[in-house]
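Comments concern the structure below.
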Amino acid sequence: MIPLSHAQRRLWFLCRDGDPGGLHNIPVALHLRGALDRTALTGALADVTDRHEALRTVLPDDGGDPRQHVLEPGTAPAHTVTVRPAAEHRDLALRAAAHPFAVATETPLRAELFTDGAGEHLLLLVLHHIAGDGASLDVLVRDLAAAYTARLLGGRPDWPELPVQYPDYALWRHEVLGAPDDSGSLHARQLDRRAHALRGLPDEHALPTDRPRPAAATHRGAVVTARTGAAAHAGLAALARERQATPFMAVQAAFAALLTRLGAGTDLPLGCPVDGRDDEALHDLVGLFVDTVVVRADTSGDPSFTDVLDRVRDAALDAHACRDLPFDALVERLNPARSPGRHPLFQIAVAGRRDTGGTPHFPGLRVRTEPVRTATAKFDLTLEVDEHHDPATGEPAGIALALEYAADLFDADTARRLLDRLVRLADAAVHDPHAPIAALDLLTPAERADLLDGWQGAPAEPCTGTVDTLFAARAAAHPDRTAVVCGDRRTTYGELDAHSGRLAARLAALGVRPGDTVAVLLDRSADLVAACLGVLKAGAAYLPLDARAPRARSAAIVAGAGAAVLVGDPATAADLGLRHAPPPGEDADPPHGTAPDRSAAHPDGLAYLMYTSGSTGTPKGVAVAHREVVGLALDRRWRGGAHERVLLRSPHAFDASTYELWVPLLNGGLVVVAPPGDLDVNALADLIAGQRVTGTFLTATLFNELADRCPERLSGLREVMTGGEAASPAAVARVRAHCPRTTVTNAYGPTETTTFAATFALAPGQDAPAGQIPVGRPLDGTRLHVLDDRLAPVPPGVPGELYIAGAGLAQGYLGRPGLTAERFTACPSGPPGTRMYRTGDLARWSADGQVEYLGRADRQVKIRGLRIEPGEIEDALAGHPHVGRAAVTVVATPAGPALAGYAVPAEGAAPDPAALRAHLRTVLPEWMVPLTVTVLDRLPVTPNGKTDLAALPAPVAPAAERPYRAPRTGTERRLAALWERLLGAERVGLDDDFFALGGHSLLATRLLAEVRSDLGAAVTVRRFFAGPTVAELAAAADASAPVDEPPIVRRARRAPAV
Amino acid sequence: MSNPFENDNASYLVVRNDELQHALWPATLPVPAGWTTVHGPDSRGACLDHVEEHWTDMRPASLVAALDGTAPRD
């Protein structure tokens, strides 16, 4: 029996379940013009097939063990002739090139001739990779041309006999390598060496993708191309010479540097095909001599380009020194977490393009080789490198680059930009090879202009006063206009001005001076509005207290803020040790003091203090000046009437109240005060409709609930904003569908930047972006910067940390200089001496200049060594039609940390946790599917309306998801027993989920192999992932065609032993 | 990606602008225009201690000057 070579064996396993789109086909097309002798061509194809045994070898499977079965000479390859107009030839060839082979039964070369019946022909040769490689095609075409020439003259090709054939090579390789378990063998020695070099390799690169990785790769792909200039080529070649490396290694180094800069991490395994035609006896032979080595590029520690080149050179030389080692042996030894969604050990490859053997000569025909590519991608990304030289001088003439990308993960634009950036990085590296790679400029001047200017906020209107003086001007201009509606009570601008003035006088009488802080604790009411205004008129900053906060927290906040007076009820004031000022509506006594003259008040005086929870547990007081509040209120985005009647609904101690109060009041609009306490969805909807509210802000939690239960009730709004957490695209779509005249806006902003820093408005009729809703572009005068860890702007599409500068920045955390200096830092790109706030949020600019929120920098988790962003899983879970809201967190289990999912049902739905997990498995890779999904009535929320992850209940154990059902049929019993053995589980039931019981993709592959051998049923991995229970697998196994020995046409000529 | 402000082992500066606002700054990066180094290079903790000790009035200098009727300090 002739075994397969190691490389063949790997391909054989990959192709066993089918070869979608001709993934492993190597096509080449010869455009032939002139008089083609078809008889000679047919004869020549037979000659070539006779010459190379690999071309007439089939690979049948003896009980799971494939072997080479060489058919006798005279086995002509499949050869078709299609007569069609010449214009169709190329498309026909592309389609034919994608047709898969059945390598167990079919010979691996197909020839298809497309002819117009006259002088235009396209000859397509498709070789399966299992029988050849790129160099084999050259041999094949050269031999075909020689045979055609001979046939044309009525003879046979007169070529020297080949010294060896492919089966000889395969047997020889097995001998040379020796047994893996023989510690002295080449196999064992190289395996030890490589396993050591590659230990701890990340299972997956971290390069951001346009779409999440599917559970199983489709291998659809495409290619983009670019070319470096001759100068960059020459520069890379010179650098390579200087570092004793090859130009190819220099391109590898540049690619590694780029991947790091684009977020792929600093430990980068790159797959590299290596040609094993070391022996001259193999040079003229068709066959698979290529295997893959892994070059581990290390870009850690802020290296320069020359550093990276040195490291890549060493890594490549080391990998090449062990190129005898079959790639599969390495995979088996390193045993990475396997998934049908990604290639093991590496997902990014770099390949040198071979020198083509030149244009073949077919007498009487003009020949041109046409590149043909199947629309496939073997890996996530494959960079093909092809150096060109001036034919006259031999000087470098540019490096042609082709980037094949997996369409599952990347858009064409993304691949295009990535390749263009590689060209830029190569230029920059050649220009300054000793600069840190992190400092190489990846931005085009146009991109830099967009990032720093074009996509930023318009200049803010000059600040002409303070909140209270601008309000007073409004009150003077239209004293009789209604300013506040609270239930049946209406307060005009004039009355509000008078009430707040009275409080200011009262506060002055109590000793409050400009620059002081006054606490406010009142139910939502017209008095609350007057109280805030009154504090400002007294020259002080208001400090809203949260009625629900524990007393100790309020006391700490009051003490930290240095407040001496409380506007509220006397008991609370006494309890907190503060002097008491009654709310203006209850102040029967005439005031005794005189409010300060505010006409020359400085806009940098503080307007309010808003306390947020700090990561250390100590609340921090965000100090916001009048200038920033006025800037928010007078932003141009509020113009147009949508914010004329604004609902005051947010807890006062939450900074959305800044928008709710000052946007209407400083623009002559109306504040609609919601009743005190928590509003349910219906009461809220009634209020919006009853008071004809035009604009409102709802936390994401509330917005989603409304979207779920009664989206149509928001239809009277001109604009509804949501924020506080990532907006749910499904909820936004639902509201827009039910409210065709309402603008739906995603609003983003930390308290530290005065409520909103950026918004993304979806106006009626505007197409929503695919995927998540961006946070958009900054408000007037505000600047958003997505920066890398050198605080340089990252290119569009690349994640970085979001910093906010310009208008809206708070003065800092009151009384916390250290904390302020950490978070409000110097801005490298703004006007001299300005600051920027470091949000701790991950974000990226989209190609069209919208900022996309990617989650908290610190929420990312690692499970089984894989980086996971829980938000991505939450989106997928909330994408199920039965789910309203979702949360994902990490819980500790005896087997280590695991993901736990939580789902709140959509209105009227009762989702089944098992069904939700099944849904997740269809949209997420297996390792991102939470071990448990727990259905909850509602998600716990923090006081400021965000999901309180820490308060989620312990997950419901997966075993309790469904009751035990015993196996019934013979197949089910055998499968259950098989699971018990493989998983070490007891009493496996019909509905038990393979993955919930601890199965992973590697075990799944083993399971299916055993199903194949024990039950004679072929179930594909994809099929199994779609239904990984005993019951479903049994059904799939019973329905599958029995595995039969494929028929073989002829007997092998070759004796079993060589 | 690691945030350059969150590395306890890195070296930092304290920088100050004309408003006498203080900020932490990674010592390996160029100091932005309009800022002056007032402390460091030093450990992160020592830099923050310096800020706590020296940045006692967190109001912008121009505001303080306006309230006091004096010109801002150079």
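Lettering follows sequence order; numbering is per chain, from 1. What you are looking at is a predicted structure, and each value in this text was computed from that prediction instead of being measured.
Contacts between E53(B) and chain A at a heavy-atom distance below 4.5 Å are absent for every atom of the residue. Of the atoms belonging to T834(A), it is backbone heavy atoms, and not side-chain ones, that fall under 4.5 Å from chain B. For L63(B), the parts sitting under 4.5 Å from any heavy atom of chain A are the backbone and the side chain alike. For chain B, the nearby part of Y813(A) is the backbone; its heavy atoms alone come within less than 4.5 Å.
Your options are L24(B), N17(B), T56(B), V14(B), and the one with the most heavy-atom pairs under 4.5 Å with chain A is L24(B). Your options are P832(A), P828(A), A625(A), A826(A), and the one with the most heavy-atom pairs under 4.5 Å with chain B is A826(A). Taking chain A as the reference chain and counting heavy-atom pairs below 4.5 Å, the highest number among D49(B), L48(B), T36(B), T28(B) is found for L48(B).
Proximity of the aromatic rings of Y12(B) and F5(B) is defined here by a centroid distance below 6.0 angstrom, and this criterion is not met.
Partners of T37(B) by side-chain contact (heavy atoms from CB on, under 4.5 Å), not counting sequence neighbours, listed by chain and number: L13(B), V15(B), V31(B).
Taking a cutoff of 4.0 Å between a charged side-chain nitrogen and a carboxylate oxygen, D453(A) and R448(A) do not qualify as a salt bridge.
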Q | Full working for side-chain contact (heavy atoms from CB on, under 4.5 Å) between L842(A) and L802(A) | A | CA-CA 6 Å; L842(A) 293 177; L802(A) 182 62; over 6 Å; no
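Judged purely by atom type and a 3.5 angstrom limit, T466(A) has no side-chain atom pairing as donor or acceptor with the backbone of P603(A).
Nearest heavy-atom pair across V467(A) and H626(A) is N-ND1, 3.0 Å.
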